[in-house]
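Beneath this line is the structure, given in structure tokens, with notes to follow.
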Amino acid sequence: YPGIYKYNETPGSVMFDNFKVTTPDLFFSEYIEGSSSNKAIEIFNGTGAAVDLSQYVVKLAGNGGDWGNTCNMTGILADGDVFVIANSQADEAILAVADTTSNITYFNGDDAIGLFKNDSPIDVIGVQGVDPGSGWEVAGISNATKNHTLVRKPNVDEGNLDWTVSAGTNTDDSEWIVYD
């Protein structure tokens, strides 16, 4: 679980390799698409304030289809904290850090996932309505959204609705670090 977003002990700030960042809204900070049901999504709050999660929903668009399965979130997410949505059948190590389980984690690398605020998208992984085959290329790695973990780079401070830009073409221009 290689997450790099961590809370700084100074209230209202987050440390990314020793520099403070305030983000405009929540965004996906980690995506886990492992073997079997070992799948999870991590959402980061670096806004400088606690956030009411009832304004947010995560949606899944399977196999090039429309947004279908949804996960309505509840509770308050503290500044600098993450909200983890896991598959209910995931490994115990994933479930131990999960805030909730949901069927939006029934993705297989070729499905789009969107984070919405008040029904407007604010971040995406993949492209709704497009089936890329086995998975999307990220940072020059073929099928990186299948059987990999993606972690947002520490210099990324907001969601991105342009998956092509977010995924990038190589390790330098991608917003993501790809792990096996």
**Report entry** Of all pairs that satisfy salt bridge (charged side-chain N to carboxylate O under 4.0 Å, His left out), the ones with a partner from residues 43-57, not counting sequence neighbours
**Finding:**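 Listed by first then second residue: nothing to list.
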
Query raised in the report: Can you pull the salt bridge (charged side-chain N to carboxylate O under 4.0 Å, His left out) pairs that have at least one residue in residues 112-127, sequence neighbours excluded?
Result: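 As it turns out, the salt bridge (charged side-chain N to carboxylate O under 4.0 Å, His left out) pairs with a partner in residues 112-127, which skip direct neighbours, are D25-K117, K59-D119, D123-R152.
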
Report task. Would you indicate whether N170, at its atom CG, is surrounded by more than 12 heavy atoms from other residues, nucleotides or ligands within a distance under 6.0 Å? Result ->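 Check passes, neighbour count above 12.
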
Query raised in the report: Does a side chain donor of either T47 or N45 reach within less than 3.5 Å of an acceptor in the other side chain?
Result: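 Side chains of T47 and N45: pair found under 3.5 Å.
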
Query - S142 versus E137, side-chain donor and acceptor atoms under 3.5 Å - result: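 No.
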
Report task. For V58 and I85, run side-chain contact (heavy atoms from CB on, under 4.5 Å): C-alpha distance rounded to whole Å, both residues' side-chain angles, the deciding distance at 0.1 Å, then the answer. Result -> CA-CA 9 Å; V58 177; I85 305 168; 3.8 Å; yes

Student check: side-chain heavy atoms of [X] and [Y] closer than 4.5 Å:
{"X": "S29", "Y": "V82", "value": "yes"}
{"X": "L53", "Y": "I76", "value": "no"}
{"X": "I125", "Y": "W163", "value": "yes"}

Taking only distance into account, with no hydrogens and no angle test, what donor-acceptor pairs under 3.5 Å do side-chain atoms of residues 102-116 form with protein atoms, sequence neighbours excluded?
| from | atom 1 | to | atom 2 | distance (Å) |
| --- | --- | --- | --- | --- |
| S102 | OG | I104 | N | 3.1 |
| T105 | OG1 | N87 | N | 3.3 |
| T105 | OG1 | S102 | O | 2.6 |
| D111 | OD1 | N63 | N | 2.7 |
| D111 | OD2 | N108 | N | 2.8 |

Between the side chain of [X] and the main-chain N/O of [Y], is any donor-acceptor distance below 3.5 Å?
{"X": "T23", "Y": "G46", "result": "yes"}
{"X": "K39", "Y": "G34", "result": "yes"}
{"X": "Y179", "Y": "H148", "result": "no"}
{"X": "T145", "Y": "W136", "result": "yes"}

Query raised in the report: How far apart are the C-alpha atoms of I32 and E42, what are their side-chain angles, what is the distance that settles it, and do they pass the side-chain contact (heavy atoms from CB on, under 4.5 Å) test?
Result: CA-CA 9 Å; I32 299 171; E42 179 185 84; over 6 Å; no

Query - Single-linkage hydrophobic cluster, 4.5 Å side-chain cutoff, F28 and V165 together - result: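 F28 and V165: separate clusters.
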
Query raised in the report: Shared ILVMFWY cluster between I41 and V127, side chains joined below 4.5 angstrom?
Result: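 Yes; V127 is reachable from I41 via cluster members.
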
Query raised in the report: In chain order, what residues pass the side chain to side chain donor-acceptor pair (under 3.5 Å) check against T169, with sequence neighbours excluded?
Result: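 Applying side chain to side chain donor-acceptor pair (under 3.5 Å) to T169 gives D173.
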
Which pair of heavy atoms, one from [X] and one from [Y], lies closest together, and at what distance?
{"X": "C71", "Y": "T100", "answer": "SG-CG2, 4.4 Å"}
{"X": "W176", "Y": "S166", "answer": "NE1-OG, 2.8 Å"}
{"X": "I94", "Y": "A86", "answer": "CG2-CB, 3.7 Å"}
{"X": "V84", "Y": "V97", "answer": "CB-O, 3.6 Å"}

Query raised in the report: Under the side-chain contact (heavy atoms from CB on, under 4.5 Å) criterion, do Y56 and I122 qualify, and how do the steps go?
Result: CA-CA 10 Å; Y56 297 86; I122 58 173; 3.7 Å; yes

**Report entry** Contacts of S88 that satisfy side-chain contact (heavy atoms from CB on, under 4.5 Å) - sequence neighbours left out
**Finding:**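 Checked S88 against side-chain contact (heavy atoms from CB on, under 4.5 Å); matches are T101.
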
Query raised in the report: What side chain to side chain donor-acceptor pair (under 3.5 Å) pairs are there with at least one residue in residues 65-75, not counting sequence neighbours?
Result: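 For residues 65-75, and leaving out neighbouring residues, the side chain to side chain donor-acceptor pair (under 3.5 Å) pairs sorted by first residue read D66-Q128.
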
Report task. Determine the sole option in N143, T171, L150 for which the side-chain contact (heavy atoms from CB on, under 4.5 Å) test with V138 is passed. Result ->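 When side-chain contact (heavy atoms from CB on, under 4.5 Å) is applied between V138 and each of N143, T171, L150, only L150 qualifies.
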
Query raised in the report: Going by an N to O cut-off under 4.0 Å, is there a salt bridge joining K153 and E175?
Result: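 Between E175 and K153 there is no salt bridge, as every charged N stays at least 4.0 Å from the carboxylate O atoms.
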
Query - Straight-line distance of D99 CG to F83 CZ, nearest 0.5 Å - result: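 Between atom CG of D99 and atom CZ of F83 there are 5.0 Å.
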
